[in-house]
Novice: 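Before anything else, here's the structure in question.
In what follows, every heavy atom counts, from backbone to side chain, and hydrogens, waters and symmetry copies are set aside. For ligands, and for the atoms within them, numbers begin at 1 and follow the listed sequence.
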Amino acid sequence: MRKRHWAMKIVAVETCVVALPFDMGGPKPAFAGRPWDNLEILVVKVETEDGLVGWGEAFGHAAIPATKAAIDTIIAPLMLGRDAGDIQGLSRTILHSLHLLGRNGSFVYGYSGIEIALWDLLGKRAGLPLYRLLGGRDRGPIDGYASLLAYNDNPLVAKNTAAACAAGYRFIKLHELTRAAVLAAQQAPGAADAAIMLDVNCAWSPVVAREMAASLADDGLMWLEEPVWPPEDVHGLASVRAYGIPISAGENVAGLFGFKSLIEAEAIDIAQPSVTKIGGVQEMIRVFDLCEAHGVEVAPHSPYFGPGFVATLHIIAARMEKPMIEVLWLDMEANPFDPWVRGQNGRFPVPQGPGLGCDPDLEVLERYRTGDWARNVWQANR
Ligand SMILES: [Mg+2]
């Protein structure tokens, strides 16, 4: 039998930013102190010596200029000439090379985007969709949960909750700070049988978080997300669990060992790893394994609009007991990764093509691209 040639050198790593106009059913919030006028995707493209191309997405939002610089100037040059299929080895050596620059933040986000593209390449080379590569089966379309952005206006919370329910969502997450907002959502037309979650993005001290958890205890929340500042305060977070609301956290955690700390402190019921932040697909799988061994549920964080969202779909299909994906509640003018990032009746089919199965529409990508492509190209004789 002829030996198949699996080793393929990485010959180019490219990045660009796509900015998509959107409507969220209310005034747009600031994000990290900046106006949030467009949805931005930091697109990562990795090419191997045989011309195969993989697509990834790195976090994201207001961090994009920093993450892009980390990839273009530091991480991409480290990837060139390496074996694209050696994902375990690359995660070990590249993240070790970068660890002095931060174990959470732009460098790990940047590597995450590249790692996702490496899985896309591996799946394409193997002729298998990512969920199959991870040992999963076809689960059919995945339920979305509508993640409403912050309105700080209870009539708008009610209006958008009703609209999401009318669009087919049965699970609604609020980014609000008051019990009144929770009640507004629960009393919205069509929301009687919808499950409501509340995400406060680390807004409260442990004392305030406990007071709020006590006041929300009888409201039937599906979970209360990141109630405590700072996110590293695992014992403060653990103290909020006493009020009986399932507690979720993890989008701001540094890797597997961050989740180990949360679990050892008995701080969470639900872990929320984020594929474009945590180090990519492999680190997500390690978190799933860790949580499984400790009886902790996993519900990934995925407010993305490109390959990061689709990678999450595949991981959920392969590993989540009751599959459900986070979807920001908004309407995009267009997206190069359509139709995979836009559900039907609140459900999201998992692409069946090899790899991520979501190669972009290049015409749409170029139409909404802002700034130039950044290219790092391997030169064999350097
Ligand atoms: Mg969150």
Side-chain angles (χ1 to χ4, degrees), residues 24 28-33 36 39-40 57-64 104-105 108-109 112 143-152 157 160-161 164 169 171-178 181-182 185 195-206 208-209 212-213 216 221-234 236-237 240-241 245-255 258-259 261-262 267-278 283-284 287 291 296-305 308-309 311-313 315-316 320 324-330:
M24 56 172 273
K28 290 170 182 166
F31 195 71
W36 207 27
L39 296 179
E40 291 185 321
E57 176 181 3
F59 196 77
H61 304 286
I64 282 180
N104 195 3
V108 186
Y109 302 168
S112 304
D143 278 331
Y145 77 77
S147 195
L148 274 55
L149 291 161
Y151 296 99
N152 299 311
V157 170
N160 282 285
T161 300
Y169 288 97
F171 306 92
I172 311 287
K173 187 166 88 180
L174 311 179
H175 286 90
E176 304 290 336
L177 294 171
T178 65
V182 171
I196 305 291
M197 302 89 108
L198 180 65
D199 182 356
V200 302
N201 292 108
C202 306
W204 300 323
S205 68
V208 175
M212 288 301 297
L216 292 161
L221 284 174
M222 187 171 173
W223 72 60
L224 175 61
E225 179 167 333
E226 287 199 309
V228 165
W229 174 259
E232 308 87 87
D233 184 1
V234 294
L237 189 61
V240 184
R241 285 184 75 206
I245 308 172
I247 299 296
S248 67
E251 68 186 75
N252 291 304
V253 157
F259 282 96
S261 298
L262 283 170
I268 53 170
D269 298 280
I270 301 154
Q272 297 174 301
S274 189
V275 72
T276 68
K277 298 180 80 174
I278 198 169
E283 196 74 354
M284 292 286 286
V287 171
C291 289
V296 171
E297 280 191 67
V298 182
H301 170 258
S302 61
Y304 323 126
F305 324 100
F309 180 84
T312 308
L313 270 179
I315 293 165
I316 283 174
M320 209 168 156
M324 186 170 74
I325 187 159
E326 178 177 23
V327 184
L328 284 192
W329 171 251
L330 45 78

Novice: Please find the pair of heavy atoms, one from Asn104 and one from Val253, that lie closest to each other, and give the distance.
Specialist: ND2-C, 3.9 Å
Novice: Which atom name would you report as the N, O or S atom of Asp199 nearest the Mg ion (ligand 1)?
Specialist: OD2
Novice: Hey, which N, O or S atom on Glu251 ends up closest to the Mg ion (ligand 1)?
Specialist: OE1
Novice: Just give me the atom name: the N, O or S atom of Glu225 closest to the Mg ion (ligand 1).
Specialist: OE2
Novice: Check step by step if side chain to side chain donor-acceptor pair (under 3.5 Å) holds for Ser248 and Gln272.
Specialist: CA-CA 7 Å; Ser248 67; Gln272 297 174 301; 3.1 Å; yes
Novice: Roughly how far, to the nearest 0.5 Å, is CD of Glu225 from CD1 of Ile268?
Specialist: 11.0 Å
Novice: Answer yes or no for Lys277 and Phe59: cation-pi contact, defined as NZ/CZ to six-membered ring centre under 6.0 Å and angle to ring axis within 45°.
Specialist: yes
